[in-house]
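Below: one structure, written as structure tokens.
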Amino acid sequence: MSTADEPVSPATADTDRTARREAGTSPADGGGTGPKTGAGPETGREAIIRAARRAFTLKPYAEVTMRGIAAAAGVSPSLIVKRFGSKEALFNMVVDFRPAAAELFAAPLPGLGRHLVLTMVELRDRLRGDPLLRVVFSLGIEDERTLLRARFREQVTDRLAELLTGPDARLRAELVAGQLLGLGATLSLHRPDGATARTTVERLADLYAPGIQYLVDGGADRT
């Protein structure tokens, strides 16, 4: 990890900026159309989770401190301990994809492709960050990346594979997950001044959802 006095290469800077966007903390992402963090127990909790997501994305687990997360969230370390108990518990919450998966897959299979696109954009705006891309951009040590990817496979890919019908369900689930990660990366890379930032979510779904739906259907014609 670089210190504040070490020069940072353009490639490293780009990686850090991308990771910050995927942690939901970079103003350059332009995806934060939801309400800003303010007073109140729920918004304070969200601020802690956002700060933790950024910290665990940008640093190895051993280098993350509760005090640092508290400073970034604008709360006291004791409040984090009160709400989450420990750094390990907070980390486990950050790497939990189940809440996002529950919303993403909450639609009948015939309309799931469009639902996935609309929900991905809505989650990005509400969370002020992508709900899935941290599995790609985590800068932690190998054990942490392995855990993160195992959780993603179990909570996202495997869950979708169980919902799909027909042949090659696991393969199709992995390809759908890849499409969702690609959508998140595209929205991050081309905001705030790209075409994706200027189009409506409905138009985005018109263009992107049919490819996902084809994978959900297994190539079957449902018309």
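Note: hydrogens, waters and symmetry copies are ignored here, and every other heavy atom, side chains too, is used.
Nearest approach of His190 to Ala197, heavy atoms of both residues: O-CB, 4.5 Å. Taking each heavy atom of Val156 and Ala101 in turn, the nearest pair found is CG2-CB, 4.5 Å. Considering all non-hydrogen atoms of both residues, Leu90 and Met66 come closest at CD2-SD, 4.4 Å. Asp96 and Gln155 make their closest contact through OD1-OE1, 3.2 Å (heavy atoms, listed as atom of the first residue, atom of the second, distance). Residues Ala73 and Ala47 share a closest heavy-atom pair of CB-O, 3.6 Å. Contact record, Pro210 with Ala205: CD-O, 3.7 Å, taken as the closest heavy-atom pair.
Side-chain contact between Phe84 and Ile49 is present, with heavy atoms from C-beta onward closer than 4.5 Å. Looking at Leu183 and Ile212, their side chains never come closer than 4.5 Å, going by heavy atoms from C-beta outward. Contact annotation: the side chain of Leu163 never approaches that of Leu112 to less than 4.5 Å [non-hydrogen atoms, C-beta and beyond]. Side-chain contact between Leu148 and Phe91 is absent, with no heavy-atom pair separated by less than 4.5 Å. Side chains of Leu187 and Met120 form no contact here, defined as non-hydrogen atoms less than 4.5 Å apart.
Taken to the nearest 0.5 Å, the CZ atom of Arg53 stands 12.5 Å off from the CD1 atom of Ile48. In this structure, CG in Leu189 is found 9.0 Å from OG1 in Thr196, a value given to the nearest 0.5 Å. With values rounded to the nearest 0.5 angstrom, Gln213 atom CD is found 8.5 Å from Leu116 atom CG. Between atom CG of residue Leu160 and atom CG of residue Leu215 there is a gap of 9.5 Å, rounded to the nearest 0.5 Å. Residue Arg172 holds its CZ atom at 5.0 Å from CG of Leu164, rounded to the nearest 0.5 Å. Interatomic distance, Glu103 CD to Glu122 CD, rounded to the nearest 0.5 Å: 6.5 Å.
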Which is it for Asn92 and Arg151 under the side chain to side chain contact (heavy atoms under 4.5 Å, CB included) test, yes or no, and what are the steps along the way? CA-CA 10 Å; Asn92 285 331; Arg151 292 279 181 87; 3.5 Å; yes

Evaluate Glu202 against Arg114 for salt bridge (Lys or Arg N to Asp or Glu O under 4.0 Å), listing each step before the verdict. CA-CA 9 Å; Glu202 294 294 336; Arg114 188 173 190 87; 2.6 Å; yes

Go through Phe56 and Lys87 one step at a time and tell me if the side chain to side chain contact (heavy atoms under 4.5 Å, CB included) criterion holds. CA-CA 10 Å; Phe56 288 122; Lys87 186 174 79 169; 3.9 Å; yes

Assess the residue pair Leu123 and Leu104 against the criterion (side chain to side chain contact (heavy atoms under 4.5 Å, CB included)); give the C-alpha distance rounded to whole Å, side-chain angles, the decisive distance to 0.1 Å, and a yes or no. CA-CA 9 Å; Leu123 283 172; Leu104 286 168; 4.1 Å; yes

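Side-chain atoms of Tyr208 come within 3.5 Å of backbone N or O of Gln179 as a donor-acceptor pair. With hydrogens and angles ignored, the 3.5 Å screen pairs a side-chain donor or acceptor of Asp130 with a backbone N or O of Leu132. A donor-acceptor pair under 3.5 Å is absent between the side-chain atoms of Asp168 and the main chain of Leu171, judged by distance alone.
In this structure Ser78 satisfies the side-chain hydrogen bond (donor to acceptor under 3.5 Å, both in side chains) test together with Ser76, sequence neighbours excluded.
When only modelled atom types and interatomic distance are considered, Tyr61 and Glu88 share no side-chain donor-acceptor pair under 3.5 Å.
Remark: Arg134 qualifies as a cation-pi partner of Phe97 under the 6.0 Å distance and 45° angle criteria applied to the six-membered ring.
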